[in-house]
Amino acid sequence: MDKIADLANRYPHLTFGNLRFGIECGEGWADIIRAFLVTAEQVTAAEGGTLHLLQIKEKMGGLRIYYRLADTPQRDWIGIDEAYYLAEARSFHVCEHCGRRGVLTYNGILYATRCTEHAAELESEPVSPGPSMNIIVANTVVPYDPDEDPFVFMRTD
């Protein structure tokens, strides 16, 4: 993932100063994080306000992006929330290590989203059934289907 200073230059309406520990997940999720940041930047640039990133990390096999909005009209939060829920849902279907298509796995100690190759390195098995996620689309909560998401569908294992 890009250095925090590079991200701050690329996304001027977002603040990265609260990311004390940097971005705490694997490179495989870099595209997911970038997609979220692009949307957040577009919303805050168009409507005003600032999005303060507090933490970006892996937790229980999924991506978590913690943020706080300042001076952003509440009606505009939905676009950022849509991007967040989509990023989290996608993370359960993309290998955190390499970015190929993956599944949530568990090895008795650690939950991780991995492709077949990287799951074997962790000696982990797929969690069945995997997580069932909802996303927000056009202000409506709908079930997330990775097979209908070109971002995930195009990735190969």
Exercise for review: Any salt bridge (Lys or Arg N to Asp or Glu O under 4.0 Å) involving residues 129-138? Give me the pairs, sequence neighbours left out, ordered by first then second residue.
Suggested key: none
Check your understanding: What pairs of residues pass the salt bridge (Lys or Arg N to Asp or Glu O under 4.0 Å) test when at least one of them lies in residues 128-143, not counting sequence neighbours?
Key ->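 As it turns out, there is no salt bridge (Lys or Arg N to Asp or Glu O under 4.0 Å) pair with a partner in residues 128-143 once direct neighbours are skipped.
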Taking atom [atom1] of [X] and atom [atom2] of [Y], what is their separation to the nearest 0.5 Å?
X: Leu37; Y: Ile80; atom1: CG; atom2: CD1; value: 11.0 Å
X: Cys25; Y: Lys57; atom1: SG; atom2: NZ; value: 11.5 Å
X: Cys115; Y: Arg155; atom1: SG; atom2: CZ; value: 12.0 Å
X: His118; Y: Arg100; atom1: NE2; atom2: CZ; value: 6.0 Å
X: Glu117; Y: Cys98; atom1: CD; atom2: SG; value: 7.0 Å

**Study point:** Steps toward side-chain contact (heavy atoms from CB on, under 4.5 Å) verdict (Leu63, Ile56)
**Key:** CA-CA 7 Å; Leu63 177 64; Ile56 300 175; 4.0 Å; yes
When the side chains of residues 121-143 are checked against the rest of the protein, which donor-acceptor pairs come out under 3.5 Å, sequence neighbours left out?
unit_1 : atom_1 : unit_2 : atom_2 : d
Ser124 : OG     : Thr105 : OG1    : 3.0
Ser124 : OG     : Ala119 : O      : 3.2
Thr140 : OG1    : Ala138 : O      : 3.4

Check your understanding: Are Tyr84 and Ile33 co-members of a hydrophobic cluster defined by side-chain heavy atoms under 4.5 Å apart?
Key -> yes
Practice item. Verify the cluster assignment for Ile65 and Leu69: are they in a single hydrophobic cluster under the rule of side-chain heavy atoms below 4.5 Å apart? Key: yes
Review point. Do Arg101 and Val152 have side-chain heavy atoms sitting under 4.5 Å apart?
Key: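 Yes; the side chains approach each other to less than 4.5 Å.
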Review point. What pairs of residues pass the ring pair (Phe, Tyr, Trp, His ring centres under 6.0 Å) test when at least one of them lies in residues 134-154, not counting sequence neighbours?
Key: His93-Tyr144
**Study point:** Pairwise ring pair (Phe, Tyr, Trp, His ring centres under 6.0 Å) hits with a residue in residues 46-71, at least two apart
**Key:**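 Every ring pair (Phe, Tyr, Trp, His ring centres under 6.0 Å) pair that includes a residue of residues 46-71, provided the two are not neighbours, is Phe36-Tyr67.
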Revision key, fill the gap. Tightest non-hydrogen contact, residues Gly79 and Thr39, listed as O-CG2, 3.7 Å
Check your understanding: Shortest non-hydrogen contact from Pro150 to Glu148?
Key -> CD-O, 3.4 Å
Practice item. Please report the C-alpha distance between Leu14 and Leu7 in whole Å, then the side-chain angles of each, then the deciding distance to 0.1 Å, and finally whether the side-chain contact (heavy atoms from CB on, under 4.5 Å) criterion is met. Key: CA-CA 9 Å; Leu14 311 180; Leu7 292 173; over 6 Å; no
Identify, with sequence neighbours excluded, every residue that meets salt bridge (Lys or Arg N to Asp or Glu O under 4.0 Å) alongside [X].
X: Glu82; value: none
X: Arg64; value: Glu88
X: Asp149; value: Arg90

Not counting sequence neighbours, which residues clear side chain to side chain donor-acceptor pair (under 3.5 Å) with [X]? List them please.
X: Gln55; value: Glu24
X: Glu58; value: none
X: Tyr85; value: none
X: Tyr111; value: none

**Study point:** Test side-chain contact (heavy atoms from CB on, under 4.5 Å) applied to Phe92 and Met60, step by step
**Key:** CA-CA 10 Å; Phe92 286 105; Met60 300 296 289; over 6 Å; no
Point to revise | Check against side-chain contact (heavy atoms from CB on, under 4.5 Å), Thr113 and Val94 | key: CA-CA 7 Å; Thr113 300; Val94 174; 5.7 Å; no
Practice item. Return yes if some donor-acceptor pair links the side-chain N/O of Tyr106 with the main-chain N/O of Gly108 below 3.5 Å, else return no. Key: yes
